[in-house]
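Inspection log for the structure reproduced underneath, given as structure tokens.
First the proteins, then the strands, lettered A, B, ... as listed; each starts at 1.
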Protein chains: 2
Amino acid sequence: MTAPSADVRTDAFVAALARAGQRVTLPRQAAARLVAARIGHFTAAQLMEDAEAAGEPIGRATVFRALDLFASLGLVERVDLPDGNHAFVVCRAVHHHHAICTRCGRSVDISDASLGEALAAVERQTGFRMTAHRLELFGLCAECAASGVR
Amino acid sequence: MTAPSADVRTDAFVAALARAGQRVTLPRQAAARLVAARIGHFTAAQLMEDAEAAGEPIGRATVFRALDLFASLGLVERVDLPDGNHAFVVCRAVHHHHAICTRCGRSVDISDASLGEALAAVERQTGFRMTAHRLELFGLCAECAASGVR
DNA sequence: ATGCTAGTTGATACTGTGTCTCATATGGAA
DNA sequence: TTCCATATGAGACACAGTATCAACTAGCAT
């Protein structure tokens, strides 16, 4: 389970933009680079700080638009943290879920497979026809669990 | 699956306040009544409008405090809607999940049981030690599914 | 290389949500 | 009835996210 390096991921972002017929602008490239360099989840505000720190500030609106775009391309996904705040995580394009470390913020993609039968059972019980669902798991990743408190 | 009436639920709210050693104030009673009268999920802002409409306006801060209190007593729960907004639903006190109708907002409590094995599997695979999770199901309730579009 | 144009940017203003403060009011025990 | 810890609410604040719009630019056509 070796994670791809940050610049490989940056290239993947840029390639995805081009493939989708989206313009590869300087701010989008910068955003892609900053997102790819991040470990764990991050907020729009953090990304703006990163950009500022990297000497290539990006306007607030542009950051939100870039993140929306990345999300619509399945490159990142919006998650709701336990405290009610919103954040983004880098992820695969297919439907899946996230296990998020509450200490370091790292996230691991989880396959949807094990949920299928449980979902079907709920549909039978409730009469609901499910169209979407969100599952977010919070805990400590192996390293954080091994290395200390909280 | 007959839902308790609104005033039975109001009483349950007031009883829960008293049981927890919390003061049964006028604004809290009003909030309890308004929450109990709602069908489906609602936001803090909606509850304020309800209070206004009922001729017993409640301050913004008080509404948030009352909802936080109800949530801490397990009388309501905060949910994150697919659009990223926050809302509240009335619910049982034990850990469970919600199936939320995207058309009428009605929500049905779902037991946690079917998730246990899936969770354990994820822990084995990822090395995470899970401490919390959130599952929200969105779809059409039986009535909305039967009675029309969307 | 150059020009063109649709799409993009970012400064700014705005909306809405939730929090904080603090003077005033009140529930409920004595 | 008195008293005081607790709750209230007006208003100011902090922050996320959106809307507007004039200026800019990516990338195509020439």
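For A/His86 and D/dG17, the shortest distance from a side-chain N or O to OP1 or OP2 is below 4.0 Å. For the pair A/Gln22 and C/dT8, the criterion of a side-chain N or O lying under 4.0 Å from OP1 or OP2 is met. One finds a side-chain N or O of A/Arg78 lying less than 4.0 angstrom from the OP1 or OP2 phosphate oxygen of D/dG17. The side chain of B/Thr25 contributes an N or O atom lying less than 4.0 Å from OP1 or OP2 of D/dT8.
Interface remark: the A/Arg65 side chain does form a donor-acceptor pair with the C/dG10 base, using a distance-only criterion of under 3.5 Å. Residue side chain A/Arg23 does not reach the base of C/dT8 through any donor-acceptor N/O pair under 3.5 Å, judged by distance alone.
Looking at B/His133 and B/His97, their side chains do bring a donor and an acceptor atom within 3.5 Å of each other.
Here the C1' atom of nucleotide C/dG10 and the CD atom of A/Glu52 are 13 Å apart, to the nearest Å. What separates CE of B/Met48 from C1' of C/dT19 is a distance of 13 Å, to the nearest Å. Distance A/Asp68 CG to C/dT9 P: 12 Å, rounded to the nearest Å. Summarising the geometry, the separation between CD on B/Gln46 and P on C/dG16 is reported as 13 Å, rounded to the nearest angstrom.
Annotation: side-chain contact (heavy atoms from CB on, under 4.5 Å) contacts of B/Pro57 (sequence neighbours excluded): B/Glu52.
A salt bridge is absent between A/Asp7 and A/Arg33: the closest approach of a Lys/Arg side-chain nitrogen to an acidic carboxylate oxygen does not fall below 4.0 angstrom.
When each of C/dG28, C/dG10, D/dG9 is scored by its nearest atom to the side-chain atoms of B/Val24, the top-ranked nucleotide is C/dG28.
Base engagement by A/Arg60 is indicated by at least one non-hydrogen atom pair under 4.0 Å involving a base atom. Across all strands shown, B/Thr62 has heavy atoms under 4.0 Å from base atoms, whether or not it also approaches the sugar-phosphate.
Between A/Phe70 and A/Phe13, the ring planes lie perpendicular to each other; the angle is over 60°, past the 30° to 60° tilted range.
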